[in-house]
Amino acid sequence: MKDATLALHLGYEKDNQKAMQVPIYMTTAYEYESTEHAARLFNLEETGNIYTRLDNPTTRVFEKRIAALERGIGAVATASGMAAVFYSLTNLVQSGDNIIISNKLYGGSITLSTHTLNKFGIKAKFFDVHNPEMLEDMIDEGTKAILIESVSNPALAVPDFEGIGEIAKKRGIILICDNTIATPYGVKPLTLGCDIVLHSSSKYIVGNGSAIGGVIIEGKSAKEKLSSYRYPQFNEPDESYHGLVYNKKFETPFTARARLALLRDFGAVMSPFNAWLMILGLEHLYLRIKAHSENALEIAKFLKSQKNIKKVNYPFLEDDINYKYAKKYLKYAGGIVSFVVESFEKAKNIANSLEIFSLVTNIGDSKSIVTHPASTTHQQLNKEELIKAGVDEGLIRLSIGLEDVEDLINDLKKALN
Ligand code: PLP
């Protein structure tokens, strides 16, 4: 079946009520048949519902559908996109290890990697996604993960997927891609050398700014890499499960451990109600991402025609530094356009003057949004970190919604003048 069909039907079998929409199993726990049955479930000898911190029938439908759209073989939903980033990294690292991250990432992923994980003894090193050969010298015995974004937020960098994937494969390092902005309809990173994909499903997946969520998807290639000496936690007995070895027991060891160890212990699980909203969002994601991307390209072209704008970033603009990668790898680049004006003050004035665009720190809503990263999302980064993240003080980020594009252009014209 094709993606649009999978997104509507996969993983749901109607019960006697014949409900057309997936029911919301709003429950904390599930009744066991007997103490023996409960013991078998807890010992992972049998699969079945135990407790919603680990698994839930509504959430399972969302996980199956997004895994299929990404060409993955397993998925685990989380309470937020940041929980998905956190679990993806902490599933791989132990104190003393290091990770290599793109120098153009979402600000939250940078602070997690460079500040919070650093306090747990994990070091983050930056690389340029257009110069994958840098990785050769950076990878060492302690390197456990490489983290990139398919279209980065807010710099909109599109990586050299194949170049990075080739080195990650040769050196046996798990390559994680945050696919929040492009969505699986824009690109499928698991088919381009990545092993793990993650999303903030708070954005295009839910599609209307109604709920926070995240998801981690495991590709088929992860298991082989995880069987190396580099990842002992997947190959040595887990005493908290009576000696379970994830790589032996599961075809999807990455998502199995994220669920059974990390969700069990850290608990940032997606609520079944939010999973249901994500299911609704996935139903028409393919229509929305096309419309967001078409509107965004038109707005990027309009901005390019304006004087007083120093730079416009959109991967499908022909003179954009990312164009050759976008042409090669992306079907859609999503609805984020950014541009740079001469100063911090000018950027703030434009953001304050827009009327249809709301001044909000979010992306991927059906309604258009304007953000000034230097005063909000990236405020915690110092000047050097801002430059590394590709965030100029005069940078304005637009998340182009589904309004009529002419209305959006008229709003921008007024604010720019
Ligand atoms: N990844 C990207 C690319 C994002 O843009 C964001 C949030 O903006 C996140 C992860 C974090 O997601 P959440 O806000 O759902 O925790």
Side-chain angles (χ1 to χ4, degrees), residues 28-57 59-60 63-64 67 72-79 83-99 117 120-122 140-146 168 171-176 190 195-198 214-270:
T28 308
Y30 311 85
E31 186 180 5
Y32 310 118
E33 286 158 20
S34 61
T35 50
E36 291 78 10
H37 175 229
R40 287 197 302 278
L41 292 175
F42 270 77
N43 221 12
L44 307 177
E45 289 162 34
E46 206 177 289
T47 51
N49 299 326
I50 299 179
Y51 193 64
T52 285
R53 175 152 34 82
L54 294 176
D55 205 359
N56 174 279
T59 310
R60 210 148 51 222
E63 290 168 343
K64 282 192 176 153
I73 55 171
V76 58
T78 55
V85 180
F86 179 70
Y87 290 155
S88 299
L89 294 172
T90 50
N91 213 8
L92 298 168
V93 291
Q94 305 192 38
S95 178
D97 289 341
N98 67 75
I99 56 176
L117 289 181
F120 291 95
I122 317 295
D140 60 31
E141 287 293 295
T143 305
K144 301 297 164 81
I146 300 170
R171 305 292 292 273
I173 313 290
I174 292 281
L175 175 56
I176 305 168
L190 297 178
D195 308 296
I196 303 295
V197 163
L198 66 88
V215 64
I216 302 167
I217 302 115
E218 175 168 4
K220 207 163 181 293
S221 56
K223 184 169 166 129
E224 196 184 325
K225 285 188 184 171
L226 291 173
S227 31
S228 105
Y229 70 95
R230 212 180 264 278
Y231 302 102
Q233 65 274 47
F234 288 89
N235 302 295
E236 290 170 4
D238 180 348
E239 294 313 329
S240 72
Y241 276 112
H242 303 301
L244 165 77
V245 178
Y246 291 97
N247 248 342
K248 272 201 193 138
K249 172 101 183 161
F250 299 103
E251 272 317 297
T252 53
F254 191 90
T255 40
R257 188 171 183 274
R259 184 186 301 286
L260 296 171
L262 302 183
L263 274 186
R264 179 196 60 187
D265 298 348
F266 292 110
V269 65
M270 179 177 280

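Note that the structure is predicted; figures quoted are calculated from it, not measured. No hydrogens, no waters, no symmetry mates; every other heavy atom, side chains included, goes into these values.
- For K225, the salt bridge (charged side-chain N to carboxylate O under 4.0 Å, His left out) test picks out D195, with sequence neighbours left out.
- Taking the six-membered ring where tryptophan is involved, the planes of Y231 and F234 are perpendicular, since the angle between them exceeds 60° and thus also 30°.
- In Y51, the OH atom is not crowded: 12 or fewer heavy atoms of neighbouring residues, nucleotides or ligands sit closer than 6.0 Å.
- Inter-residue side-chain proximity for I217 and L190 is flagged as met; some heavy-atom pair is nearer than 4.5 Å.
- Counting only residues at least two apart or on different chains, no salt bridge (Lys or Arg N to Asp or Glu O under 4.0 Å) pair has a member in residues 29-38.
- For the pair L117/I99, a side-chain contact is recorded, criterion being any heavy-atom separation below 4.5 Å from C-beta on.
- When side chains are defined from C-beta on, I176 does not count as touching I146, because their heavy atoms never get closer than 4.5 Å.
- Residues Q233 and Y246 approach most closely at O-CD1, 3.6 Å, considering heavy atoms.
- For F86, the ring-ring contact (aromatic ring centres under 6.0 Å, His included) partners two or more places apart in sequence, or in a different chain, are F266.
- Every residue two or more places apart in sequence or in another chain was checked for a side-chain hydrogen bond (donor to acceptor under 3.5 Å, both in side chains) with R53, and none qualifies.
- Inter-residue side-chain proximity for H242 and N43 is flagged as met; some heavy-atom pair is nearer than 4.5 Å.
- Applying the salt bridge (charged side-chain N to carboxylate O under 4.0 Å, His left out) rule to D55 yields the partners R60, R259; only residues at least two apart in sequence or on another chain are considered.
- Within 6.0 Å of NZ in K249 there are more than 12 heavy atoms belonging to other residues, nucleotides or ligands.
- Under the 3.5 Å distance criterion, with hydrogens and angles disregarded, a donor-acceptor pair is assigned to the side chains of R264 and S240.
- Here the closest non-hydrogen pair linking N235 and S228 is ND2-O, 3.3 Å.
- Listed here is the closest heavy atom pair of T52 and Y30: OG1-OH, 2.7 Å.
- Residues satisfying the side chain to side chain contact (heavy atoms under 4.5 Å, CB included) criterion with I73, sequence neighbours excluded, are K220, T252.
- A salt bridge links R40 to E46: one of the charged nitrogens lies within less than 4.0 Å of a carboxylate oxygen.
- The local environment of CD in Q94 is crowded, with over 12 non-hydrogen atoms from other residues, nucleotides or ligands closer than 6.0 Å.
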